[in-house]
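Values below: all heavy atoms of this structure, side chains included; hydrogens, waters and symmetry mates excluded.
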Amino acid sequence: MTIGAACCYVCVEHWPDIVLRPQLDRLTVTIRKAYYQIVRELLASNIKAGTLPRGTRLFVAAVADRLAVSRSPVKRALELLAQEGLVRQDAALGYVVGNDADADTGTVRPNLHLLDLHLPGNSSEALVVPRWELILGTVERDLLHAIPFGIYQISETGLCDHFNVSRTVTREVLARLHERGVISKDRASHWIAGPLSARMLDHLHDIRQIVEPAALGQVVGMLVPDAVKAMRARADRALESGQTLSEGELARIEADLHETCLAPLRNPRMMQVVRNSQLSFVVNQLFATHVVRHDETAMLLEHRLVLDHLAIGDGAGAAAAMRHHLDADHLRTRERLKVLAIFGDPGQAPYLVRLV
Amino acid sequence: MRRIPPLRVVGRSELLPAPIREKAMQELDFPIQFELVDGIEGLQRVVTRPESFDVYLQWHTIDLIWTARSIQPIDMARLNISAEIIAATQSQAGASKVIDTVFDKLFMQPDGQLGRNATQWLSMLPMVHGVDSFGYLEKIQEALSPGEVASWGWLLDPRWAGQVALVGDPVLGIIEGAMAVEAARGRSFADVGNLSVSEVDEVVDTLIHKKKIGHFKGVWLQADDAVRLVQRGGVKMQTIFSPAAATLRGLGVPIVISTPAEGCRGWHSDLCLSAATTGDTLDAAYDFLNWCQNGWAGACFARQGYYATFPDRIRAHLSRDEWDYWYGGIRAARALPDPEGKICVPKDHRREGGSHRERMSRARVWNTFMDEHTHVVRRWREFLEA
């Protein structure tokens, strides 16, 4: 893992992103690095790049404040950097950048906030996202892609081993998945995921059918006209080609309407509800994986209708067209779920134990 | 002989009996390759590899294969039975009234969905149908109370503990299990053909409990196994298909097909065309479809207890005695043959349940993939493995 990749992991929090973006879809996050490692790499790269100049005094508290992390990983990172010779420990001065006291023309103790460090993400984001957040999206994706094929027990030990994280982290992840209704506890107090039932799809559809059209109605004025035009053109091309959509094309077209268009939404709670209700993506994606000649004509026509309303700034029309699309899509998803039932298990994450 | 690659026809063994396979190969002027697939592999293959077959005999799988677009619509203009199909769709009387379900998903509608409004395009060409229930050995009757009528509850009845077998297919098994649980436990499911998750759980939990206390002697997947279970396995009561019952009777085993008070489980099987079939092979496929409706094949099916969807065509191919027994529900005037010519109905036997019309009108529920099919399959596997 490079430090730069850490900002991607923040996105992993939201499973629809994972589902929709093929490049992230194949991402398997195995966290082998602790916070102190991330801090160590970050400091090392800034020292090598010169953004942390020789002679800079690094006090644990000041570094922790600058990077918005707690002190202990900073302390450990500095110890390591000292062993590696990138910083030296000075009895009086704490840690100083550079390993040769004689070469220094003098040490400075700058306000670290004035230094233009190379940091991943934007400065207002925490440098190190909580570890449960790093793996939550991956675990959720693994579960959602498994439950159309059965009922699974989640091995907590397996989860710790697979991601190389502590029990505290996995408990946090499981608690959040429980909150979202993805997993539940059985009588023996094991964490269980699945089955993905038609009933579950019905329940989510009831919510989505209310919230997503309303959300779309709110963003109408905020969309970039050219972007909407490009989405419309993509749907048109797919219709004209008459070919079966590839998984990538399908993901792209779904993301256009159900993710990109909604991105300007200013209400994060509403966004969360919409995202949590978009489970049909998983079924449609798995269907496209298993069934060679899946026909998406109806979906494309419905998308185009919504986009046409968006293009002329007709919020009410877009919401109505979206409701129609979601209803039709729901019926398709239910039918497709039945087809998935005839396929065996496509292989699942090592921490999932199939029960049924 | 046309010089084309063999027409590949895939279906269950009951739906492609040897006499039909042989006759088709004799009479049609192109090579045909039949493949008998009784398990889930057949359906998996149809859904995932349409290019691996040309004609498929669907059996309660039309929803799935249409959703997966692994079959193509059938052009009525190329069938010699179009007029009868339209007439049956419109009349809703006679034979077509009792098999109403067959027409629900028969036509491709302008939006690509399946419905009952007649169009030029068929999803499937209706071939045969029937009702199934469980069968039992005659001596079971000795243990019945006076006036007791057959009930699906018998499958769970402690009187026959250790002597009962069930069908292993989840689609059929869950329906029969549900009817048995209703009757045995005084339950009433809103729609026995479309159970909710918790209803599926209730049915399967009951079956698993019964299995663990040794109530079931076996589970069968193929007709041969059903015959073996009764012949040698000590099973006195089990779900049974007509051909297996006929085989048992032919072997001298006195088996009675029940007419349960709660109604029977209906089914239909139909011919479908692969989405990948084109050109000369598609022409051959249409010829095969038309051949199947020539009356001879339907008569062959009648002799194993199946009803043709268009019975008028087959009348000429059955003797009067055969027609009276199989379709009329009248006592056999003489011993009657099965499709291969072996005696399977003794003289004076009367078909349980009566005539075609009477028997089909007892279909309470039709084989179907329930909305919660995924859950049904998982839980059913748990039952099989318990």
Which atom pairs, one donor and one acceptor, sit under 3.5 Å between chain B and chain A?
residue  : atom : partner  : partner atom : Å
B/Gln44  : NE2  : A/Ile342 : O            : 2.5
B/Phe369 : O    : A/Lys338 : NZ           : 2.9
B/Asp371 : OD1  : A/Arg334 : NH2          : 3.3
B/Asp371 : OD2  : A/Arg334 : NH2          : 2.3
B/Glu372 : OE1  : A/Ala198 : N            : 2.6
B/Glu372 : OE2  : A/Ala198 : N            : 3.2
B/Glu372 : OE2  : A/Arg199 : N            : 2.7
B/Thr374 : OG1  : A/Leu337 : O            : 3.4
B/Arg378 : NE   : A/Phe149 : O            : 3.1

Is B/Pro170 in contact with chain A via its backbone, its side chain, both, or neither, using a 4.5 Å heavy-atom distance?
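Neither part; nothing is under 4.5 Å.
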Pairs of heavy atoms under 4.5 Å with chain B: top-ranked of A/Gly194, A/Pro148, A/Ala298:
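Top option by heavy-atom pairs under 4.5 Å: A/Pro148.
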Taking only residues two or more places apart in sequence, or in another chain, which ones meet B/Tyr286 in a ring pair (Phe, Tyr, Trp, His ring centres under 6.0 Å)?
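Here no residue qualifies.
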Residues that B/Trp121 engages under side-chain hydrogen bond (donor to acceptor under 3.5 Å, both in side chains), provided they are two or more places apart
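With neighbours one apart ignored, the set is empty.
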Output all residues satisfying side-chain hydrogen bond (donor to acceptor under 3.5 Å, both in side chains) with B/Gln222, sequence neighbours left out; order by chain, then residue number.
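For B/Gln222, no residue satisfies side-chain hydrogen bond (donor to acceptor under 3.5 Å, both in side chains) once neighbours in sequence are set aside.
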